[in-house]
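Here is the structure we will look at.
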Amino acid sequence: MKIAYVCADPGIPVFGCKGASIHVQEMIRAFQNQGATVTLFAARLGGEPPADLADLPVYCLPKVPKGDLASREQGLFQQNQTLQNLLTQAAPYNLVYERYSLWSQAGMTFARNWQIPCILEVNAPLIEEQATHRGLIDRDLALQVAATAFGKATALIAVSEGVKAYLQQWVPGDRLFVLPNGVNPDRFSEVFKPSAAKPFTVGFVGSLKPWHGLDCLIEAFAQLRQTVPEAQLLIIGDGPQRQALEQAIAQRKLTAQVQWTGAMAPEAVPHWLSQMSVAVAPYPASENFYFSPLKVVEYMAAGLPVVASRIGQLPDIIDDGVTGILCPPGEPTALAQALEHLWRSPQYREQLGLAARGFVLKHHTWDHIATQILAIAQASFFNVEVKS
């Protein structure tokens, strides 16, 4: 099977360190593990590919000048023709798999023109995200692109029930499938056992965005230090909130107790996870939590006890008290109490971590997801052809 994998989002460096970058790389690996030959079409590479993807055929879209926002939006939309030309150049394929991006409809249009299955992976309501967090000029054009891409896809993969609910205003439910993010067991082959020799270390991995709840984590850590004075905080990643977070830590006179690693390549993350005693995902309260947190399933695959907010998809992944601990979102005292409870019982930490690892390796691997996607592609295309 030949698969064209399309990621036309300039905000995703496919060989970079973002969660979205890991998602793209792991899906490509998983398709390859299913025996497929994959060709990548991307807007941004973000560096050299990892060694195991060094031979991956790659077509990179030309960069669109930043300029004013309206001009950039038009430039990104005009890349649809360029992308269709590149797809034609490398054809034929048996499947087009595209990660939905704000201005791209090329993959789905190309596949329909060639009468082959096409699956669109949707990770977020991008129009609303763009308007809220980055700015959006031509909303009508973004809506038009979404309608075209969603309408032409033979099936759509939503990473959460929240994303599926968003998509239901666009397409019939029988074309929608929910597949949360997964893990690569090869990256987490070692189980990290609790060690009494190292200080109790609370860890977080992420891009330091407002919706990750780091302010809650810092307050919880300050409270934890009152009863566990040797506790340490390890923050893996970088992002727009770092300066404000460093100031909040300094105000609490905790600078010496917090270690920042900065952004880390995916292959380095397992090492840093091994330095943690417990890993956290302290998401704040939100009316529309549609994420499928990659960090949580990776924490679990590493055999770490996890403390996460009881929100969105997380209660479906974490069995409270069995494979992790769930706390009310945005409540630092509850988070601090959960962390103190884990500090008091290394045996319980190990029990939670092993149960978590067993669960995600059984239910949430990328290979398992790829198998489901290929089955969906075949069945959905047949159904569409029969109905049309």
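Within a 6.0 Å sphere centred on NZ of Lys63, other residues, nucleotides and ligands contribute 12 heavy atoms or fewer. Around the CG atom of Asp55, the shell of radius 6.0 Å holds no more than 12 heavy atoms that belong to other residues, nucleotides or ligands. Within a 6.0 Å radius of CD in Glu48, other residues, nucleotides and ligands contribute 12 heavy atoms or fewer. Annotation for Glu267: atom CD counts as buried by contact number, over 12 foreign heavy atoms lying within 6.0 Å.
Between Ser207 and His212, some side-chain heavy-atom pair lies under the 4.5 Å cut-off. Residues Met276 and Val205 form a side-chain contact, since some pair of their non-hydrogen atoms from C-beta on lies under 4.5 Å apart. Between Leu45 and Pro13, the closest side-chain pair of non-hydrogen atoms is not below 4.5 Å. Between Met108 and Gln105, every side-chain heavy-atom pair lies at or beyond the 4.5 Å cut-off. Contact check for Ser104 versus Val145: no side-chain heavy atoms found under the 4.5 Å cut-off. The shortest side-chain heavy-atom distance between Val297 and Tyr299 does not fall under the 4.5 Å cut-off. Residues Tyr5 and Glu98 fail the side-chain proximity criterion, which asks for heavy atoms closer than 4.5 Å.
Using cut-offs of 30° and 60° for the angle between ring planes, the Phe289 and Tyr283 rings count as perpendicular. Relative ring orientation between Tyr166 and Phe150 is described as perpendicular, the plane-to-plane angle rising above 60° on a 0-90° scale split at 30° and 60°. Relative ring orientation between His363 and Phe359 is described as tilted, the plane-to-plane angle lying within the 30° to 60° band.
Under a hydrophobic clustering in which Ile, Leu, Val, Met, Phe, Trp and Tyr are joined whenever their side-chain heavy atoms come within less than 4.5 Å, directly or via other members, Ile3 and Trp114 fall into the same cluster. A single hydrophobic cluster is seen to contain both Met1 and Ile373, as judged by linkage of ILVMFWY side chains at heavy-atom distances under 4.5 Å, directly or through other members. Linking ILVMFWY side-chain heavy atoms closer than 4.5 Å, directly or via other members, places Leu87 and Tyr59 in a single hydrophobic cluster. Hydrophobic cluster membership differs between Val178 and Leu176, with clusters built from Ile, Leu, Val, Met, Phe, Trp and Tyr side chains linked at under 4.5 angstrom.
Classification of Arg225 and Glu230 as a salt-bridged pair fails, no side-chain N sitting under 4.0 Å from a carboxylate O.
Of the possible polar contacts, none joining the Arg357 side chain to the Gly303 backbone as a donor-acceptor pair under 3.5 Å is found. No donor-acceptor distance shorter than 3.5 angstrom exists from the side chain of Arg187 to the backbone of Val183, with no hydrogens or angles considered. Distance alone, capped at 3.5 Å, places no donor-acceptor pair between the Thr255 side chain and the Lys253 backbone. Lys2 places a side-chain N or O within donor-acceptor distance of the main-chain N or O of Pro92, the cut-off being under 3.5 Å. Between the side chain of Ser292 and the backbone N or O of Pro180, no donor-acceptor pair lies under 3.5 Å. In this structure, Gln223 contributes its side chain and Ala336 its backbone to no donor-acceptor pair below 3.5 Å. Listed for the Lys164 side chain is no donor-acceptor partner under 3.5 Å among the backbone atoms of Gly173. The backbone N or O of Gly67 sits nowhere less than 3.5 Å from a side-chain atom of Ser71 that would complete a donor-acceptor pair. With hydrogens and angles ignored, the 3.5 Å screen pairs no side-chain donor or acceptor of Tyr290 with any backbone N or O of Asn123. When atom types are taken as modelled, the side chain of Thr227 and the backbone of Leu224 share a donor-acceptor pair closer than 3.5 angstrom.
When all heavy atoms are compared, the tightest approach of Val159 to Gln313 is O-NE2, 2.7 Å. Of all non-hydrogen atoms in Gly237 and Thr261, the two that sit nearest each other are N-OG1, 3.6 Å. Residues Ile116 and Asn94 approach most closely at CB-O, 4.2 Å, considering heavy atoms. Summarising the geometry of Arg112 relative to Cys118, their closest heavy-atom pair is NE-SG, 4.1 Å, with the distance given to 0.1 Å. Taking each heavy atom of Ser277 and Pro305 in turn, the nearest pair found is O-CG, 3.2 Å. The two residues Ala301 and Leu361 have their closest heavy-atom pair at CB-CD2, 4.4 Å.
The only member of Arg29, Glu298, Glu26 that meets side-chain hydrogen bond (donor to acceptor under 3.5 Å, both in side chains) when paired with Asn184 is Glu26.
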- Message: As a quick check of understanding, evaluate side chain to side chain donor-acceptor pair (under 3.5 Å) for Thr109 and Gln84, giving each step before the final call.
- Response: CA-CA 8 Å; Thr109 299; Gln84 285 203 58; 4.8 Å; no
